[in-house]
2 protein chains.
Amino acid sequence: MPDRVSELHAELCKTLGSAIRIEILNALRGGEKTVGELSAALRVRQPNVSQHLAVLRQRGVVTTRKEGANIYYGVSNPKITQACELMKQVLVEQLKEGVELTRLTGPARR
Amino acid sequence: MPDRVSELHAELCKTLGSAIRIEILNALRGGEKTVGELSAALRVRQPNVSQHLAVLRQRGVVTTRKEGANIYYGVSNPKITQACELMKQVLVEQLKEGVELTRLTGPARR
DNA sequence: ACAGGATATTCGCATATACGCATCCACTTA
DNA sequence: TAAGTGGATGCGTATATGCGAATATCCTGT
């Protein structure tokens, strides 16, 4: 039975488990951006971007700053970007060694 | 529209988005373990553990090694553990500064 | 106060995920 | 080869997630 901390930990990780949210975080590496800018940059409809931003907000992954009619979003903790980067490195290394083989051959054969 | 790499990246991150899988990875920090050992350590039913291990396998997060009647599981890439650790640090920092406030007050007030 | 741009929220639906239970498969030992 | 153990898989169901469409809210300028 998983404990409370593991559940929070998993919730936080789950936040990165969406291609659009990953791209939002990538886009925010260059600094704060408004919802409209993100929507345009990722070519994703605004309500959809807002939904993903809401998820990121709930987990405390991004911060908001209001300026006039716009709302600027930014990454709340650089460690999130670091973790994200590490995962990407893992992915790259996997692709290099063709993990496909493992994926397709399934579980340990006996 | 998210590109292919972001989708793979997200898929990989999604793998960490389960409390049980987080605990499996934590348990594997101490070295390889069999399904039975994991099941006992986490107090989770064996089929359920197997299901989660299957997910971790498909994403190439864990490796398997057969020894006799047992199958030993291990983390495939230490960077995964590192990323996991970074996320936990983020979580701890969040708790320290009581992110609850932000979570409850919702989006940017105007 | 009104119009319009920027962002958030609600709803409905389609799809994905987690779990328990039962069962099946592989390996070992007798 | 039969029995037992370790592990994987299939099925049914409950719950969660993602998306589009429509709508609501807030802000600025007039």
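A, B, ... follow the sequence lines: proteins, then strands. Residue 1 opens every chain.
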Check the pair V61(A) / L12(A) against side chain to side chain contact (heavy atoms under 4.5 Å, CB included), numbers first and verdict last. CA-CA 8 Å; V61(A) 171; L12(A) 190 54; 3.9 Å; yes
Could you write out each protein N or O paired with an N or O of nucleotides 10-16 of chain C at a distance under 3.5 Å?
none

Restricting to nitrogen or oxygen on both sides, can you table the protein-nucleotides 12-14 of chain D pairs closer than 3.5 Å?
none

Please list, chain by chain and in numerical order, all residues satisfying side-chain hydrogen bond (donor to acceptor under 3.5 Å, both in side chains) with N48(B), sequence neighbours excluded. H52(B)
Examine the side chains of T15(B) and E11(B) and answer whether a donor and an acceptor come within less than 3.5 Å of each other. no
If you pin A54(A) and S18(B) to their nearest nucleotides in DNA chain C, which one's is more 5'? A54(A)
For E32(A), side-chain hydrogen bond (donor to acceptor under 3.5 Å, both in side chains) partners two or more places apart: R65(A)
By the salt bridge (charged side-chain N to carboxylate O under 4.0 Å, His left out) test, which pairs, at least two apart or in different chains, include something from residues 12-27 of chain B? none
Sequence neighbours excluded, every pair satisfying side chain to side chain donor-acceptor pair (under 3.5 Å) that has a member inside residues 34-43 of chain A: none
Roughly how many Å is it from CG in N48(B) to C1' in dG10(D), rounded to a whole number? 15 Å
How does the hydrophobic cluster around V92(A) look, that is, which other residues are in it when side-chain heavy atoms under 4.5 Å mark a link? none
In whole angstrom, give the distance that lies between atom CD of Q46(B) and atom P of dG7(D). 7 Å
Could you tell me the separation between the CD1 atom of I22(A) and the C1' atom of dG18(D), rounded to a whole number of Å? 16 Å
Proximal nucleotide (of dA8(D), dC19(C), dT7(C)) relative to the I20(B) side chain: dC19(C)
Near DNA chain D, under 4.0 Å by heavy atom, which residues of residues 23-33 of chain B? none
Residues from residues 34-45 of chain A lying under 4.0 Å of DNA chain C - heavy atoms: T34(A), V35(A), G36(A)
Given dT9(D), dT28(C), dT7(C), identify the nucleotide with an atom nearest to the side chain of S50(B). dT9(D)
Are V44(A) and L28(A) linked, directly or through other ILVMFWY residues, by side chains that come within less than 4.5 angstrom of each other? yes
Return the CD1 to OG distance between I71(B) and S50(B), rounded to the nearest 0.5 Å. 8.0 Å
List the residues meeting side-chain contact (heavy atoms from CB on, under 4.5 Å) with A19(A), not counting sequence neighbours, and say none if there are none. P2(B), S6(B), E7(B), A10(B)
For the pair made of CD in E11(A) and C1' in dT17(C), what is the distance, rounded to whole Å? 15 Å
Figure out the CZ/P separation between R21(A) and dT17(D), and round it to whole Å. 9 Å
For dA8(C), does OP1 or OP2 lie under 4.0 Å from any side-chain N or O of Y73(A)? yes
What is the separation between atom CD1 on I71(A) and atom P on dC27(D), rounded to the nearest whole Å? 9 Å
To the nearest Å, give me how far apart NZ (K66(B)) and P (dG7(D)) are. 13 Å
What I'd like to find out is whether the side chain of M87(B) reaches to under 4.5 Å of the side chain of L91(B), using heavy atoms alone. no
Contacts of N77(B) meeting side-chain contact (heavy atoms from CB on, under 4.5 Å) (sequence neighbours excluded), chain-then-number -> V90(A), E93(A), K79(B), I80(B)
Could I get the full list of side-chain contact (heavy atoms from CB on, under 4.5 Å) partners for T81(B), not counting sequence neighbours? R29(B), V75(B)
How many angstroms lie between atom CD1 of I20(A) and atom CG of L38(A), to the nearest 0.5 angstrom? 11.5 Å
How many Å lie between CZ on R65(A) and P on dC26(D), as a whole number? 21 Å
Below 4.0 angstrom from OP1 or OP2 of dT17(C), is there any side-chain N or O of H52(B)? no
